[in-house]
Amino acid sequence: MILLDRVSKTYNKALGPSLDRISLHVEPKEFVIVVGQSGAGKTTLLRLLTREERPTSGKIIIGGIDYDKLRDKDIPLLRRKIGVVFQDFKLLPNKNVYENVAFALEIVGVPNREIKHTVPKVLDIVNLKGKEKRMPQELSGGERQRVAIARAIVRQPRILIADEPTGNLDPKHAWDVIKVLEKINRYGTTVLLTTHNVEIVNKLKRRVVTLQHGKVASDRANADYKI
Amino acid sequence: MKRKFITFGRIIHTGAVNFLRNVSLGVAAIAVMVVTLTIILFSVIANATFAHTIQQITDKIDISVYLNDSDTAAQSKQLVSSLKQLPNVKSIQYLSKQDALQRYLAQNNGNDTLLSAVTQSPSNPIPATILIKPNDLNKINDIKDYLSKPDIKALQSNDPSYSGDRKKAIDNITGATNTLQRIGAVAVIVFTVICALIIFNTIQMAIFNRRDEITIMRLLGARTSYIRGPFVVESIIYGILSAVLSILIINSAFIASSNALQASSLGLLDISYASQWFGNNFLKLLTMQLTAGILIGTVSSVIATRRYLKFKVR
Ligand SMILES: Nc1ncnc2c1ncn2[C@@H]1O[C@H](COP(=O)(O)OP(=O)(O)OP(=O)(O)O)[C@@H](O)[C@H]1O
Ligand SMILES: [Mg+2]
């Protein structure tokens with residue numbers, strides 16, 4: 001599903017590489033946790049997958065799409081296949097909860113009828129029923145997080161990338177979010193999750209990839225948190 | 001296919017909504033566009049009116065060729081048909097001595113001295129006459145040259161007469177038309193450029209105001225055309241509004257001038273004809289204005305969005 005072969009990314013030559021010859025292979029339907037200290041390169045790795053950034057060197061293939069052969073005009077199609085929960089949410093401040101989620105469907109030409117049908121179901125999954133009309137600034141951090149998740153999964157992507165989706169949540173809400181991700185994963189979506197949260201990692205017992213200074217320090221199945 | 005229609009509808013909807021939200025931003029763009037389109041419209045109307053005036057004067061002009069009383073019928077017939085061959089000759093009318101006399105009497109009706117001089121004379125003093133109407137007054141020399149050939153000249157009792165006093169009026173109008181065309185062309189170009197620049201600026205500002213939204217749309221997989229579309233739609237709305245406004249301005253100018261001015265013309269411009277022509281060609285002119293407005297809006301917004309919405313992966 002996801003294949004990285006000796007991928008490096010250097011933003012600024014003076015600062016050295018943010019990712020240094022990363023190789024990673026993720027099977028379809030796998031649930032992979034990426035951990036690492038702040039600045040280890042987790043977000044950079046995810047940005048390469050969504051083609052927000054180009055690797056300085058190395059090969060990336062996702063769902064059969066070879067990024068070397070990807071033209072700029074085909075990037076939208078790639079991004080439609082990947083759902084992303086951004087570390088900073090990236091919600092539209094002038095749209096309410098419902099509209100923020102519907103937006104992801106509108107821009108790809110989904111008919112209104114289908115939008116009206118799908119969005120409430122997804123908002124139900126993330127426990128935001130009854131908050132459809134709220135604006136993002138009227139939501140708690142955890143609620144915003146869940147809107148971001150709803151938007152990422154509403155198109156039923158084959159791959160879901162979640163960048164610290166539990167970042168500013170209390171343990172209970174953090175765990176609610178993780179349960180949603182597990183549910184999505186059970187339905188067959190490949191999940192890539194980055195987190196600092198030791199408890200979550202230990203409780204999940206999934207494959208854990210540890211990044212350190214832009215390198216893969218370890219890659220273990222059914223693993224605990226370890227840096 | 002269906003999704004394309006839905007997407008198209010959403011682009012238009014978003015463009016219209018954004019237009020309403022940014023009206024204050026769009027006012028400047030609409031204002032210059034109205035000026036530009038009004039200049040275009042005025043030039044077109046003035047052009048048509050001048051052409052009409054020239055045509056009208058040209059129609060009244062003819063060349064009279066006076067024959068000898070001694071010319072035979074065959075000779076006159078021969079001359080008429082040879083004149084018909086000249087490319088610049090529009091029509092020819094042959095007046096016998098009797099017809100020419102009638103015409104002379106009619107033309108000088110009221111001028112008793114002239115009339116009595118003619119009627120008192122024992123025989124008809126007016127020669128048989130050939131009246132020539134030219135196609136193009138500026139090429140009248142072709143006909144002149146032909147008439148002054150010795151063998152043709154021999155058939156004539158007098159030099160041909162040209163209703164040449166009108167030539168000056170025609171030169172004036174032709175000059176005015178040319179000047180107007182030149183001024184109009186320069187003004188249209190200048191204002192179109194200003195218009196494009198202001199649309200550029202408006203779009204740049206709108207893009208800046210919505211940069212977060214645009215980034216998010218990109219990240220969620222929106223195509224560039226979907227992001228750009230609403231900006232183009234917005235500019236097309238400017239174009240349509242400006243086209244309608246320019247028509248209204250010219251229309252009310254005609255109404256105002258017909259109320260205020262007693263005279264039916266302003267300088268060389270025949271306002272009553274211009275107003276009538278405007279009315280008769282209203283739909284065509286409206287279409288022209290809409291086309292021009294939509295074209296200016298589309299082209300400048302496509303260029304502007306190309307420039308500011310460039311999609312580059314680092
Ligand atoms: N756009 C950029 N330009 C220059 N350097 C960057 C850029 N983005 C990230 N970096 C650098 O790359 C390194 C990795 O950053 P990254 O955001 O991937 O870390 P992270 O593992 O996601 O950290 P965190 O846990 O704090 O989110 C950091 O040293 C960061 O300063
Ligand atoms: Mg990060």
Side-chain angles (χ1 to χ4, degrees), chain A residues 9-12 18 44 46-56 67 70-95 99-115 136 148 151-152 154-155 157 161 163, chain B residues 1-26 203 205-234 301-303 305-314:
Chain A
K9 175 70 186 177
T10 307
Y11 290 106
N12 183 334
S18 294
T44 301
L46 302 184
R47 281 207 188 123
L48 290 177
L49 300 183
T50 54
R51 202 58 166 180
E52 280 174 77
E53 302 283 354
R54 236 181 250 281
T56 312
Y67 280 26
L70 190 66
R71 289 167 300 179
D72 276 0
K73 76 174 187 55
D74 294 325
I75 293 174
L77 290 179
L78 169 79
R79 290 189 181 159
R80 290 170 191 202
K81 293 185 178 135
I82 305 176
V84 185
V85 184
F86 298 96
Q87 196 165 3
D88 53 356
F89 316 145
K90 296 203 197 302
L91 298 179
L92 290 164
N94 52 357
K95 287 196 191 299
E99 290 163 344
N100 260 289
V101 178
F103 190 67
L105 297 174
E106 279 169 15
I107 62 172
V108 297
V110 175
N112 284 330
R113 200 161 23 84
E114 213 175 307
I115 294 179
R151 189 182 62 188
V154 72
R155 292 194 305 220
I161 291 176
D163 197 359
Chain B
M1 201 57 218
K2 194 178 165 202
R3 290 208 165 190
K4 283 214 170 112
F5 275 121
I6 292 169
T7 302
F8 188 67
R10 285 196 180 130
I11 287 175
I12 291 179
H13 180 251
T14 313
V17 169
N18 290 346
F19 165 78
L20 291 176
R21 269 191 205 142
N22 304 333
V23 180
S24 54
L25 210 63
I203 288 184
M205 252 153 47
I207 290 177
F208 183 79
N209 288 342
R210 293 209 284 276
R211 61 195 181 286
D212 291 341
E213 190 176 339
I214 291 171
T215 311
I216 293 170
M217 285 168 87
R218 282 243 152 87
L219 289 173
L220 294 179
R223 282 181 201 283
T224 304
S225 59
Y226 186 81
I227 299 173
R228 167 192 285 169
F231 292 105
V232 178
V233 169
E234 216 174 314
S301 61
V302 165
I303 296 174
T305 45
R306 231 167 213 282
R307 195 157 150 205
Y308 300 114
L309 289 180
K310 229 177 208 140
F311 187 21
K312 270 266 159 267
V313 181
R314 277 160 293 180

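These figures come from a predicted structure and were not determined experimentally. Naming convention: chains lettered A, B, ... in sequence-line order (proteins, then strands); numbering from 1 in each chain.
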Among A/Lys90, A/Arg155, A/Glu106, residue most engaged with chain B (heavy-atom pairs, under 4.5 Å): A/Glu106
Region of A/Leu105 that comes under 4.5 Å of a non-hydrogen atom in chain B: backbone
Residues B/Asn209 and B/Arg21: side-chain donor-acceptor under 3.5 angstrom: no
Residues, nucleotides or ligands: over 12 heavy atoms within 6.0 Å of B/Arg211 CZ: yes
Among A/Ile82, A/Leu78, A/Asn112, residue most engaged with chain B (heavy-atom pairs, under 4.5 Å): A/Asn112
Six-ring centre of B/Phe231, B/Arg228 cation under 6.0 angstrom, axis tolerance 45°: no
Contacting region of B/Lys4 [heavy-atom separation from chain A under 4.5 Å]: neither
Side-chain (A/Arg79) to main-chain (A/Thr50) donor-acceptor, under 3.5 angstrom: yes
A/Leu91, part contacting chain B, at a heavy-atom distance under 4.5 Å: backbone
Flag if over 12 foreign heavy atoms under 6.0 Å of CZ, B/Arg306: no
Largest heavy-atom contact set with chain B, pairs under 4.5 Å, which of A/Lys95, A/Arg151, A/Lys81: A/Arg151
Heavy-atom side-chain proximity of B/Asn18 to B/Arg210 below 4.5 angstrom: yes
Heavy-atom pairs under 4.5 Å with chain B, option from A/Asp72, A/Leu92, A/Val108, A/Val110 with the top count: A/Val110
Check: A/Thr44/A/Tyr11 side-chain N/O donor and acceptor closer than 3.5 Å: yes
Side chain, backbone, both or neither of B/Arg10 within contact of chain A (heavy atoms, under 4.5 Å): side chain
Residue selection (most heavy-atom pairs with chain A, distance under 4.5 Å) from B/Ile227, B/Asp212, B/Thr7, B/Ile216: B/Ile216
